[in-house]
There are 2 protein chains.
Amino acid sequence: MNNTVYVGNKGVMNYVLAVITQFNTENADKVRIKARGRAISRAVDVEEMVRNRFLPDIKVEEINLGTDKVKNEDGKDVNISTIEIVLSK
Amino acid sequence: MNNTVYVGNKGVMNYVLAVITQFNTENADKVRIKARGRAISRAVDVEEMVRNRFLPDIKVEEINLGTDKVKNEDGKDVNISTIEIVLSK
């Protein structure tokens, strides 16, 4: 079972609902919120909204920061920062 | 002594140099990188660049996520996400 929510450019509530669904409908014990680049700020918004407004008993178990290498449109390697926020019951 | 670097809208290297200066010139054992809202992504870029390119022995000691209430231009309270990344020698 894949309990990872990838945060991209959609509205925050899309990802908030995805996380809530994992915990409630899929009965997950852990959900990983992952994002890269500018979406990192939105990933933090998702975590804060889930915990402050919807699921106050959920804890932040772990936060991992990293760097991915991706190819830009010119085919050059560029570094992009990543975040993984692990939420648990 | 204030070892906090607030990350805003300037280029990443400004903040990277501020962190390096705290560790090297000011001889800090710990430096806190703080940011709010969209600058959160840039704060992660700063941490990754400091550790991957300049100071490989520095560790991420702690990462704290939170929410601040700020007034928007209409005088209404809005929530804004925050990050604090604590780096240590």
Side-chain angles (χ1 to χ4, degrees), chain A residues 5-16 18-20 30-70 72 76-88, chain B residues 5-16 18-20 30-70 72 76-88:
Chain A
V5 173
Y6 291 92
V7 175
N9 293 320
K10 295 189 207 161
V12 176
M13 279 309 293
N14 292 277
Y15 308 108
V16 169
V19 172
I20 293 172
K30 258 182 217 194
V31 177
R32 287 162 201 276
I33 302 171
K34 291 192 183 190
R36 304 202 297 189
R38 291 200 195 157
I40 288 174
S41 310
R42 191 169 292 117
V44 177
D45 292 341
V46 172
E47 171 274 322
E48 287 293 303
M49 210 173 275
V50 166
R51 301 206 311 127
N52 295 337
R53 293 212 207 154
F54 296 100
L55 302 172
D57 294 338
I58 294 296
K59 311 280 178 222
V60 175
E61 186 179 284
E62 206 179 319
I63 303 170
N64 299 307
L65 306 179
T67 300
D68 278 356
K69 270 202 192 322
V70 297
N72 71 5
K76 273 208 279 190
D77 279 340
V78 290
N79 291 326
I80 189 164
S81 298
T82 63
I83 196 168
E84 176 189 53
I85 303 169
V86 184
L87 298 180
S88 70
Chain B
V5 172
Y6 291 93
V7 174
N9 294 320
K10 295 189 207 162
V12 176
M13 280 309 293
N14 291 278
Y15 307 110
V16 169
V19 172
I20 293 172
K30 260 183 217 193
V31 176
R32 287 163 200 277
I33 302 171
K34 291 192 183 190
R36 304 202 298 189
R38 291 198 195 158
I40 288 174
S41 311
R42 189 168 295 118
V44 177
D45 292 342
V46 172
E47 171 273 324
E48 287 293 302
M49 208 172 278
V50 166
R51 300 206 312 129
N52 294 338
R53 291 213 206 153
F54 296 100
L55 302 173
D57 295 337
I58 295 295
K59 310 279 178 226
V60 175
E61 187 179 283
E62 206 182 320
I63 304 170
N64 299 307
L65 306 179
T67 300
D68 278 356
K69 270 201 192 323
V70 297
N72 71 4
K76 274 209 278 190
D77 278 340
V78 291
N79 291 326
I80 188 164
S81 299
T82 64
I83 195 169
E84 176 188 54
I85 303 168
V86 184
L87 298 180
S88 69

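Protein chains get the first letters and strands the later ones, always in sequence-line order, with residue 1 at the start of each. Note that the structure is predicted; figures quoted are calculated from it, not measured.
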> Does CG belonging to N9(A) count more than 12 external heavy atoms closer than 6.0 Å?
Replying inline: no

> In terms of heavy-atom pairs under 4.5 Å, which option from A43(B), G66(B), G37(B) contacts chain A the most?
Replying inline: G66(B)

> How about D77(A): does its CG atom have over 12 heavy atoms from other parts shown lying under 6.0 Å from it?
Replying inline: yes

> Can you list the residues that meet the side-chain hydrogen bond (donor to acceptor under 3.5 Å, both in side chains) rule with T67(A), with sequence neighbours excluded?
Replying inline: E48(B), N52(B)

> With K69(B), which residues qualify under side-chain hydrogen bond (donor to acceptor under 3.5 Å, both in side chains), at least two apart?
Replying inline: N79(B)

> Could you give the distance from CD1 (I40(A)) to OG (S81(B)), rounded to the nearest 0.5 Å?
Replying inline: 13.0 Å

> Given I63(A), which of V60(B), I85(B), I63(B) fulfils the side chain to side chain contact (heavy atoms under 4.5 Å, CB included) condition?
Replying inline: I63(B)

> Do you know which of R42(B), R51(B), R36(B), E47(B) has the most heavy-atom pairs with chain A at a distance under 4.5 angstrom?
Replying inline: E47(B)

